[in-house]
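Whatever order the structure lists ligands and atoms in, that order sets their numbers, starting from 1.
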Amino acid sequence: MVQMLDPKTLTVLVTGATAGFGAATVRRFAEAGSRVIATGRRADRLDALKKELGARCHTLNFDVADRVATGKALAGLPAEFAKINVVVANAGGALGLEPAHQANLDDWDQMVKVNINGVLYTVRATLPGMIERDEGHVVILGSVAGDYPYPGGNVYGGVKAFAKQFALNLRSDILGANVRVTNVEPGLAETEFSVVRFKGDKEKAAKVYEGVQPMTAGDIAEQIFFCCTLPRHVNINRIQSMATMQAFAPFAIKRK
Ligand code: NDP
Ligand code: 8X3
């Protein structure tokens, strides 16, 4: 029988905890007795989370794409939340689904800022403490889109490929430290992801999940919780999941 880590020993930072995977992850750890730090830009949702989870939850309201704000927020944690030993760099998402020649450059900029810069600022602000304490776990939210191209996935697929390679390279850099790194790579999962991608068009977003059972935020939170509570000598490098009714397309061939 494997001796799992006691979640009560964990102080878990989750970026993008106001919705979807982040909110579910914060709840999963908090219910198991961990201390949680929930971040996001929507202050009202952070307040509601704090009210729901009580003293074991600390909230931070900042934009992960803002390097100064991220550094400042994460450097100013109260003592009981300062010894973070799990970082879930989750804040992110997609904007638009247009082909590259029609895509909006502002969308591309924003995807790079949040999914790449945001992850970098979060990890760089928290990794030194974990290395110093010789205890920690970095979890980065990648996606199946980082492995498999699809029409309109252009930059989103690119930033998620970055997430995967950054996670793997972190493993190389910190080898010898008792700090784990995991890239979590979900496929179809219903959250606010598609509402954000389609700029608030809920009808269009709902169509993405029509007639199929997608994964839920809870399904992904459970995978993160599992990876983080395995014994410290076990590192899951990548964990990739899809809805059972989702698979791969064949190569596309345009014939005359
Ligand atoms: P949601 O849209 O439901 O949640 C996204 C979260 O990220 C929100 O809490 C949002 O909070 C936060 N966020 C977005 N931009 C910023 C920012 N600039 N600064 C701080 N927080 C930000 O999406 P998901 O839960 O589905 O997505 C979470 C992660 O998982 C993303 O990285 C996404 O790319 C990835 N993913 C999603 C999949 C899916 O199908 N759902 C599949 C694979 C990966 P706020 O707006 O309050 O700032
Ligand atoms: C989200 C999954 O397939 O919509 O990362 O890109 S997908």
Side-chain angles (χ1 to χ4, degrees), residues 13-27 37-49 59-67 69-70 73-74 88-97 107 109-122 139-164 166-167 183-200 202 204-205 207-209 212 214-221 223-224 238-243 245-249:
L13 166 73
V14 182
T15 65
T18 56
F21 302 165
T25 301
V26 157
R27 290 196 175 98
I37 303 155
T39 89
R41 291 166 304 175
R42 283 170 287 182
D44 55 333
R45 294 211 185 177
L46 291 175
D47 291 346
L49 209 49
T59 57
L60 292 172
N61 182 205
F62 65 92
D63 183 338
V64 293
D66 182 333
R67 176 172 159 173
T70 303
L74 298 179
V88 185
N90 164 77
L95 288 170
L97 195 60
D107 287 351
D109 273 348
Q110 182 65 9
M111 280 192 278
V112 169
K113 281 183 194 159
V114 180
N115 294 285
I116 296 186
N117 293 3
V119 169
L120 298 184
Y121 303 154
T122 301
V139 176
I140 299 178
L141 261 293
S143 166
V144 292
D147 265 0
Y148 308 107
Y150 61 82
N154 44 63
V155 168
Y156 183 65
V159 297
K160 291 307 185 184
F162 173 89
K164 171 184 63 188
F166 180 56
N183 196 50
V184 176
E185 305 166 11
L188 191 73
E190 189 166 9
T191 60
E192 293 179 11
F193 176 84
S194 293
V195 177
V196 173
R197 169 170 252 173
F198 298 126
K199 322 272 171 73
K202 289 190 179 158
K204 201 168 170 186
K207 284 206 179 347
V208 174
Y209 311 106
V212 63
M215 294 187 290
T216 66
D219 295 331
I220 309 309
Q223 295 174 27
I224 295 171
R238 301 173 57 188
I239 180 165
Q240 189 173 93
S241 56
M242 281 180 170
M245 292 300 154
Q246 179 181 29
F248 316 98

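Protein heavy atom closest to atom 2 (C) of ligand 2, with residue, atom name and distance, is Ser143 OG, 3.7 Å. If you check which protein heavy atom lies closest to atom 3 (O) of ligand 2, you get Tyr150 CE2, 3.8 Å.
Environment of NZ in Lys202: sparse, with no more than 12 heavy atoms of neighbouring residues, nucleotides or ligands closer than 6.0 Å. Within a 6.0 Å radius of CZ in Arg67, no more than 12 heavy atoms belonging to other residues, nucleotides or ligands are found.
For Arg197 (side chain) and Leu95 (main-chain N/O), no donor-acceptor pair under 3.5 Å exists by modelled atom type. Side-chain atoms of Asp219 come within 3.5 Å of backbone N or O of Thr216 as a donor-acceptor pair.
Within ligand 2, the atoms closer than 4.0 Å to a non-hydrogen atom of Ala145 are 6 (O), numbered from 1 in the order shown. The contact set between ligand 2 and Tyr156, taken as ligand atoms under 4.0 Å from a residue heavy atom, comprises 1 (C), 5 (O), 6 (O).
When every heavy atom of Leu141 is checked against every heavy atom of Ala163, the shortest pair comes out as O-CB, 4.2 Å. Counting all heavy atoms, side chain and backbone alike, Ala17 lies closest to Val26 at CB-CG2, 3.7 Å.
Between Arg41 and Asp66 there is no salt bridge, since none of the side-chain N atoms of the basic residue sits less than 4.0 Å from a carboxylate O of the acidic one.
Closer than 4.0 angstrom to ligand 1 by heavy atom are Gly16, Ala17, Thr18, Ala19, Gly20, Phe21, Gly40, Arg41, Arg42, Phe62, Asp63, Val64, Asn90, Ala91, Gly92, Gly93, Val114, Leu141, Gly142, Ser143, Tyr156, Lys160, Pro186, Gly187, Ala189, Thr191, Glu192, Phe193, Val196, sorted by chain and number.
Under the ring-ring contact (aromatic ring centres under 6.0 Å, His included) criterion, Phe193 pairs with Tyr156, sequence neighbours left out.
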